[in-house]
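So that the names make sense, note that chain A is the first sequence line, chain B the second, and so on, each numbered from 1. The model shown is predicted, which means the values in this text are computed figures rather than measured ones.
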There are 2 protein chains.
Amino acid sequence: MSQSKTSATGQFVRRLLLRSALTAEEQDALLDLPGRVLQVGRGHQLVVPGNPVDHATLLIDGLLGRYDQMVDGSRQITTLHIPGDMSDLHSVPLPVPAWGIEALAPSTVMQVPHQAVRALAAAFPPILMAFWRDTVTDASILAKWTANLGRADAAARLAHLICEIGVRLEVAGLGRRERFALPLTQGHMADILGITSVHVNRTLMGLRQSNGLLVSGGFVETEDWRGLAKLAGFDPEYLLLENVYAD
Amino acid sequence: MSQSKTSATGQFVRRLLLRSALTAEEQDALLDLPGRVLQVGRGHQLVVPGNPVDHATLLIDGLLGRYDQMVDGSRQITTLHIPGDMSDLHSVPLPVPAWGIEALAPSTVMQVPHQAVRALAAAFPPILMAFWRDTVTDASILAKWTANLGRADAAARLAHLICEIGVRLEVAGLGRRERFALPLTQGHMADILGITSVHVNRTLMGLRQSNGLLVSGGFVETEDWRGLAKLAGFDPEYLLLENVYAD
DNA sequence: CGTTCGATTGATGTTCTTCAATATGCGTGG
DNA sequence: CCACGCATATTGAAGAACATCAATCGAACG
């Protein structure tokens, strides 16, 4: 399993390198991060709201959602994590779990002790900077979702979700934006988009009519990606992919 | 104006100390952060979407909003900043402005060169850690807003806004949660809550009836704070105020 | 004293929810 | 291989929440 650990941390390092310059030594230190590899089924709760955590969760394969539970029992997924994402890196500086993390699809994760992450950050300030930058990136995506939930209608939100995930998967080398695997149920999409699953279904049908968007069986395919992006008002700038910032 | 600079950075240091332990030396270094103090009127654009920035904006007095502009011209305010907040600390690691920052009320700010912030972070790793933690705090608030926009109705969202700002101002020593200044127009509130100003007006009237909430003339006053918090599903945990984490 | 911005009100339309029913696919045990 | 059970998807009808459009009101300010 040392093999799979290295490839797991390798994905994570690749993600960090998108936005931060790291020396070979720093990269090696990250690759050697320890952790327990875990396979979990759909619906498994990796972080339960209220229970303190002492490890961060690196997604190797599958799909994770960070969610907030409302008092009435409904919930809102605020962040979607694809392989290579350290889904709660933010729990390292502040291990207070005001949220939950759930496997939205069968997933493989590596649980990395906070202690190890902190030790690395302390030993290599550029790594700490890279972690900060990673958190900023997540926050930028979150801000975009806030804007969409506040001001875009269901069709635009759904289209935006498809565009964003497509581009993120493409950047991570996990598919093409025009066609990729997305193992979400319509109920999950509802919790992401802030609507009901009934309305997800109707909105999907509408987008199939108008834009030839196919979403079924855990796969997404679109004939008219540009049209979809236009409808969504999708501009990838907020994904902060354009530049590498050394420091 | 050296006086006002010190008091400005002092507020910021106090905010950092809520969640991070810093030595006297580190605190002094933060207090000495250089910057240009600026007074701006309501509606002034401090950061224009698309224009790169080379300084961070520390709010001394007033109210700032970070917003995202939609293609149809509407906008969504994603983050509200009160005095003592460094409104775009996140621009230090990633100076890509995919958003705008506007003075929602007449405000006094201090513009701190990124260079100075970076130098401090490089010289004092605990300060870098404190910055990261500050970004995580902002992201936690943002996640809560994402959840509210997705799953709470207009009355609950409005009540939540009032509760959150009240508590944040109280913690910053700028008022009591039951009564405080909030120089927002109903149009601003609409852009925060993701509804129209007409509906803000009606929702405010509803909350005045049901909870004795008074919002007018830039002031907020409530006779039944607990009732308001209950209606909002407000739990201050996400503000991450409970603990101090050393590192 | 007029102008302007924000607050308030009314009438009407749209989007999305809710409730309920039915359909479909897929794994499991027989 | 088939029947069953369960989760997910699909559809319809009715209602609630919120938007839109348009007008009026009020207060601050030059």
Side-chain angles (χ1 to χ4, degrees), chain A residues 41-44 63 65 70 72-77 102-106 148-161 182-210 213-220 231, chain B residues 41-44 63 65 70 72-77 102-106 148-161 182-210 213-220 231:
Chain A
R42 168 172 288 183
H44 183 88
L63 206 55
M70 304 282 112
D72 71 352
S74 68
R75 69 176 195 171
Q76 174 68 37
I77 295 173
E102 176 182 316
L104 302 178
N148 278 333
L149 286 170
R151 291 298 184 205
D153 65 16
R157 277 184 244 173
L158 180 48
H160 202 281
L161 174 69
L182 186 66
L184 288 175
T185 67
Q186 293 182 1
H188 289 144
M189 294 183 212
D191 285 343
I192 296 169
L193 301 174
I195 57 180
T196 61
S197 62
V198 170
H199 202 57
V200 167
N201 187 281
R202 290 177 173 138
T203 307
L204 278 173
M205 292 194 303
L207 286 178
R208 183 166 62 207
Q209 294 292 318
S210 64
L213 173 69
L214 288 170
V215 179
S216 87
F219 281 86
V220 172
L231 185 107
Chain B
R42 168 172 288 182
H44 183 88
L63 205 55
M70 305 282 112
D72 70 353
S74 68
R75 70 177 194 169
Q76 174 68 36
I77 294 174
E102 175 181 318
L104 303 178
N148 279 331
L149 286 169
R151 290 298 184 206
D153 64 16
R157 276 184 246 173
L158 180 48
H160 203 281
L161 174 69
L182 186 67
L184 289 176
T185 67
Q186 293 182 2
H188 289 143
M189 293 183 212
D191 285 343
I192 296 168
L193 301 173
I195 56 180
T196 60
S197 62
V198 170
H199 202 58
V200 167
N201 187 282
R202 290 177 173 140
T203 307
L204 277 172
M205 293 194 303
L207 286 178
R208 183 165 62 207
Q209 294 291 318
S210 65
L213 174 68
L214 288 170
V215 179
S216 88
F219 280 88
V220 171
L231 185 109

What's the separation between atom [atom1] in [X] and atom [atom2] in [Y], rounded to the nearest 0.5 Å?
{"X": "Asp153(B)", "Y": "Asp72(A)", "atom1": "CG", "atom2": "CG", "result": "9.5 Å"}
{"X": "Arg42(A)", "Y": "Leu104(A)", "atom1": "CZ", "atom2": "CG", "result": "8.0 Å"}
{"X": "Leu182(B)", "Y": "Leu63(B)", "atom1": "CG", "atom2": "CG", "result": "6.5 Å"}

[X] vs [Y] side-chain heavy atoms within contact, under 4.5 Å:
{"X": "Leu207(A)", "Y": "Leu231(A)", "answer": "yes"}
{"X": "Asn148(A)", "Y": "Leu193(A)", "answer": "no"}
{"X": "Met189(B)", "Y": "Thr203(B)", "answer": "no"}
{"X": "Gln76(B)", "Y": "Leu149(B)", "answer": "yes"}

Requested in this report: Answer yes or no: is there a donor N or O on one side and an acceptor on the other, between the side chain of Arg151(A) and the main chain of Ile195(B), under 3.5 Å?
Outcome: yes
Report task. Using modelled atom types only, decide if a donor and an acceptor are shared between the side chain of His44(B) and the backbone of Gly41(B) within a distance under 3.5 Å. Result -> no
Just how far, in rounded Å, is [atom2] of [N] from [atom1] of [X]?
{"X": "Leu158(A)", "N": "dT15(C)", "atom1": "CG", "atom2": "P", "answer": "16 Å"}
{"X": "Met189(B)", "N": "dT8(C)", "atom1": "CE", "atom2": "C1'", "answer": "14 Å"}
{"X": "Leu104(A)", "N": "dT8(D)", "atom1": "CG", "atom2": "P", "answer": "12 Å"}
{"X": "Gln186(B)", "N": "dC25(D)", "atom1": "CD", "atom2": "P", "answer": "18 Å"}
{"X": "His188(B)", "N": "dG6(C)", "atom1": "NE2", "atom2": "C1'", "answer": "11 Å"}
{"X": "Leu214(A)", "N": "dA9(D)", "atom1": "CG", "atom2": "P", "answer": "15 Å"}
{"X": "Asp191(A)", "N": "dT17(C)", "atom1": "CG", "atom2": "P", "answer": "11 Å"}
{"X": "Leu207(B)", "N": "dT8(C)", "atom1": "CG", "atom2": "P", "answer": "13 Å"}

Report task. Identify which nucleotide among dT11(D), dA7(C), dT8(D) has an atom closest to any side-chain atom of Thr185(A), counting heavy atoms from C-beta outward. Result -> dT8(D)
Between the protein and nucleotides 13-19 of chain D, list every N/O to N/O distance that falls short of 3.5 Å.
residue : atom : partner   : partner atom : Å
dC18(D) : OP1  : Ala154(B) : N            : 3.0
dC18(D) : OP2  : His199(B) : NE2          : 3.3
dC18(D) : O5'  : His199(B) : NE2          : 3.4
dA19(D) : OP1  : Thr196(B) : N            : 3.4
dA19(D) : OP2  : Thr196(B) : N            : 3.1
dA19(D) : OP2  : Thr196(B) : OG1          : 3.1

Report summary line: Per-helix bend value, the helix from dC1(C)-dG30(D) to dG30(C)-dC1(D), C1' rotation axes over five pairs per end, 10° rounding, shows 40°
Report task. Ignoring backbone atoms, test whether Asn201(B) places a side-chain nitrogen or oxygen under 4.0 Å from the OP1 or OP2 oxygen of dT8(C). Result -> yes
